[in-house]
Amino acid sequence: MDKIEKDLLEQITGLHEVPQGAYNIRANGRGAGRRTTENIDIVTKTDKPGIDIYIKPGTKNESVHIPVLLSETGLQDLVYNDFYVGEGADVTIVAGCGIHNGGDGESRHDGIHTFHLAADARLRYVEKHYGQGDGNGQNVMNPTTVIELAERAHMEMETTQIRGVDSTVRVTRSTLADGASLRIRENLMTHGSQLAETDFSVDMNGEDCSADVVSRSVAKDTSRQVFRSCINGNNRCTGHTECDAIIMDEASVSAIPELTANHLDAALIHEAAIGKIAGEQLIKLMTLGLTEQEAEEQIVSGFLK
Amino acid sequence: MLQLKNIGYRVMADGQEREILHDINLTIEDGFTAITGPNGGGKSTLAKVIAGIITPNEGQILLDGRDITACTVTERAQLGISFAFQQPVRFKGLTVRDLITLAAGRTLTVSEACAYLSEVGLCAREYIDREINASLSGGELKRIEIAMIIARGTKVSLFDEPEAGIDLWSFNNLIQVFEKMHDTLGGSILIISHQERILNIADRVVVIADGRVRAEGTRQEILPELLQGNTTCSALTAKL
Ligand SMILES: Nc1ncnc2c1ncn2[C@@H]1O[C@H](COP(=O)(O)OP(=O)(O)O)[C@@H](O)[C@H]1O
Ligand SMILES: [Mg+2]
């Protein structure tokens with residue numbers, strides 16, 4: 001890996017070196033390193049670009065890192081990754097895409113990730129999207145996440161996009177069986193003239209399943225965000241979705257909830273709050289000696305933490 | 001030393017000009033000054049004028065002889081003015097530890113941050129990583145607000161009704177907190193309060209009503225009259 005790739009890797013995984021445990025690094029559309037373990041196998045797909053990741057039943061305390069790095073300008077990368085998490089396994093998957101676009105072409109990564117969690121499996125899935133580069137080329141990422149949770153499976157998804165992605169449409173589709181639970185936390189910041197669309201949908205099919213989808217976002221400059229979340233309660237279940245956004249400058253944010261209860265014992269809640277930073281918050285921090293700009297930075301970074 | 005000279009402040013309310021502060025002249029020496037008076041008298045407005053949150057229509061503010069009337073909130077904070085709000089502000093995402101650290105203006109060890117919280121009677125370990133959000137009660141927020149002022153340790157500390165929402169046990173501790181600040185910090189401690197027990201530890205007492213200074217003097221001079229409720233302002237005692 002060169003310096004730019006190492007830097008991208010650090011931005012999205014927090015790691016300076018190759019990760020511990022299983023990993024598959026994809027750089028500029030090609031494989032750039034892979035390690036499997038006794039319990040975790042990674043197999044290249046033969047019918048389309050991408051990999052299949054198999055995690056054996058009962059695997060505990062292991063992790064898989066699958067970073068994607070793009071440093072050549074104008075590269076259009078499309079990849080399908082399928083994750084099979086075996087019964088009773090308890091693992092962490094860290095994904096993410098870092099783009100460095102120093103040229104004028106559009107760099108684009110579209111990842112379609114499908115998670116198949118077997119009964120009683122537990123997964124923590126962390127993904128970060130990050131862009132940089134001094135060229136005029138756009139950084140585009142359109143991740144699609146498909147989640148299938150079997151009986152009592154539990155998945156936590158943390159998705160973060162803080163800098164440098166010019167356009168993103170993020171689609172997440174999930175289906176939950178009996179007793180399954182899904183928790184999604186989205187942290188998003190847009191600046192410049194960026195556009196970010198988030199589209200979550202959860203089908204709660206199983207008895208006593210639950211979903212909690214929370215988005216916190218900050219929109220700066222003339223950027224625009226659209227947050228859609230659709231929860232369908234098709235059985236006795238509980239669903240909660242929340243969108244909490246700060247707007248600054250001339251940005252705009254839309255929150256569009258859609259709750260459908262198709263069962264008498266489906267309990268669904270949506271909360272949304274959009275507004276600028278409260279003046280009294282700025283003043284409080286200024287009375288501690290911060291400038292207005294420092295106060296703003298503290299409030300925004302705390303909010304997105 | 002803090003000096004207020006001919007401070008006047010007016011607002012437009014319902015198309016009419018309304019005078020909130022009228023020709024306020026005060027000299028606040030080092031030591032303990034209590035400001036009291038009926039609700040709506042202008043005490044909080046005066047505190048905001050001192051902190052720079054409100055710009056008066058006329059008058060001057062001097063800190064140790066230097067004219068700070070044109071200084072921003074940030075500049076005044078950096079010059080050594082601290083202000084604990086009557087209504088503390090909530091922050092989604094920022095923790096108690098974040099705010100104490102910002103107040104101290106330097107990185108704090110966990111035990112240093114905890115020490116400030118313990119002073120205001122909060123069990124530090126429980127609180128340090130809590131968010132300053134709606135999950136904290138009004139009394140808890142008030143105490144964190146006071147801990148921030150202690151962490152700042154500046155030469156002027158201004159508290160707006162610090163006792164509000166604080167239970168009796170904590171109230172005893174609060175008095176001790178102020179006495180300790182008084183002994184260790186030096187400087188001027190200004191407390192806006194309706195509580196007789198706070199007035200009782202003050203070196204000087206200022207009574208503000210209808211936007212004016214109604215009385216000012218030592219505790220011995222002001223309190224007997226105030227508590228009897230005769231000449232100065234009979235409306236006052238009802239609120240005390
Ligand atoms: N911006 C404003 N517009 C209209 N009235 C105000 C404004 N600020 C303060 N006031 C009025 O000024 C008076 C003094 O308020 P305040 O300083 O909060 O009093 P205190 O703290 O002594 O209870 C009150 O009657 C209040 O309603
Ligand atoms: Mg007040």
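All heavy atoms count here, side chains included; hydrogens, waters and symmetry mates do not. Numbers restart at 1 for each chain; the letters A, B, ... are given by sequence-line order, proteins then strands.
- Proximity to chain A (any heavy atom under 4.5 Å) is shown, for B:Glu75, by neither the backbone nor the side chain.
- Within a 6.0 Å radius of CD in B:Gln16, other residues, nucleotides and ligands contribute 12 heavy atoms or fewer.
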Donor-acceptor contacts under 3.5 Å from residues 280-289 of chain A side chains, at least two apart:
| unit_1 | atom_1 | unit_2 | atom_2 | d |
| --- | --- | --- | --- | --- |
| A:Gln281 | NE2 | B:Arg90 | O | 2.7 |
| A:Lys284 | NZ | B:Phe83 | O | 2.9 |
| A:Lys284 | NZ | B:Glu145 | OE2 | 2.6 |
| A:Thr287 | OG1 | A:Lys284 | O | 2.6 |

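- If you tally non-hydrogen atom pairs under 4.5 Å between each of B:Glu131, B:Lys92, B:Gln78, B:Met148 and chain A, the highest count goes to B:Lys92.
- Residue A:Gln20 qualifies as open at atom CD: its count of foreign heavy atoms under 6.0 Å is 12 or below.
- Between A:Thr291 and the choices B:Val73, B:Thr74, B:Thr72, the side-chain contact (heavy atoms from CB on, under 4.5 Å) rule is met once, by B:Thr74.
- In this structure, A:Lys305 places its NZ atom where more than 12 heavy-atom neighbours from other residues, nucleotides or ligands lie under 6.0 Å away.
- In this structure, the portions of B:Leu99 lying under 4.5 Å from any heavy atom of chain A include both its backbone and its side chain.
- Counting non-hydrogen atoms of neighbouring residues, nucleotides and ligands closer than 6.0 angstrom, the CD atom of A:Glu271 exceeds 12 such neighbours.
- Heavy-atom pairs under 4.5 Å with chain A peak, among B:Leu79, B:Leu102, B:Thr154, B:Asp98, at B:Leu102.
- Residue A:Gln298 touches chain B through both its backbone and its side chain, counting heavy-atom pairs closer than 4.5 Å.
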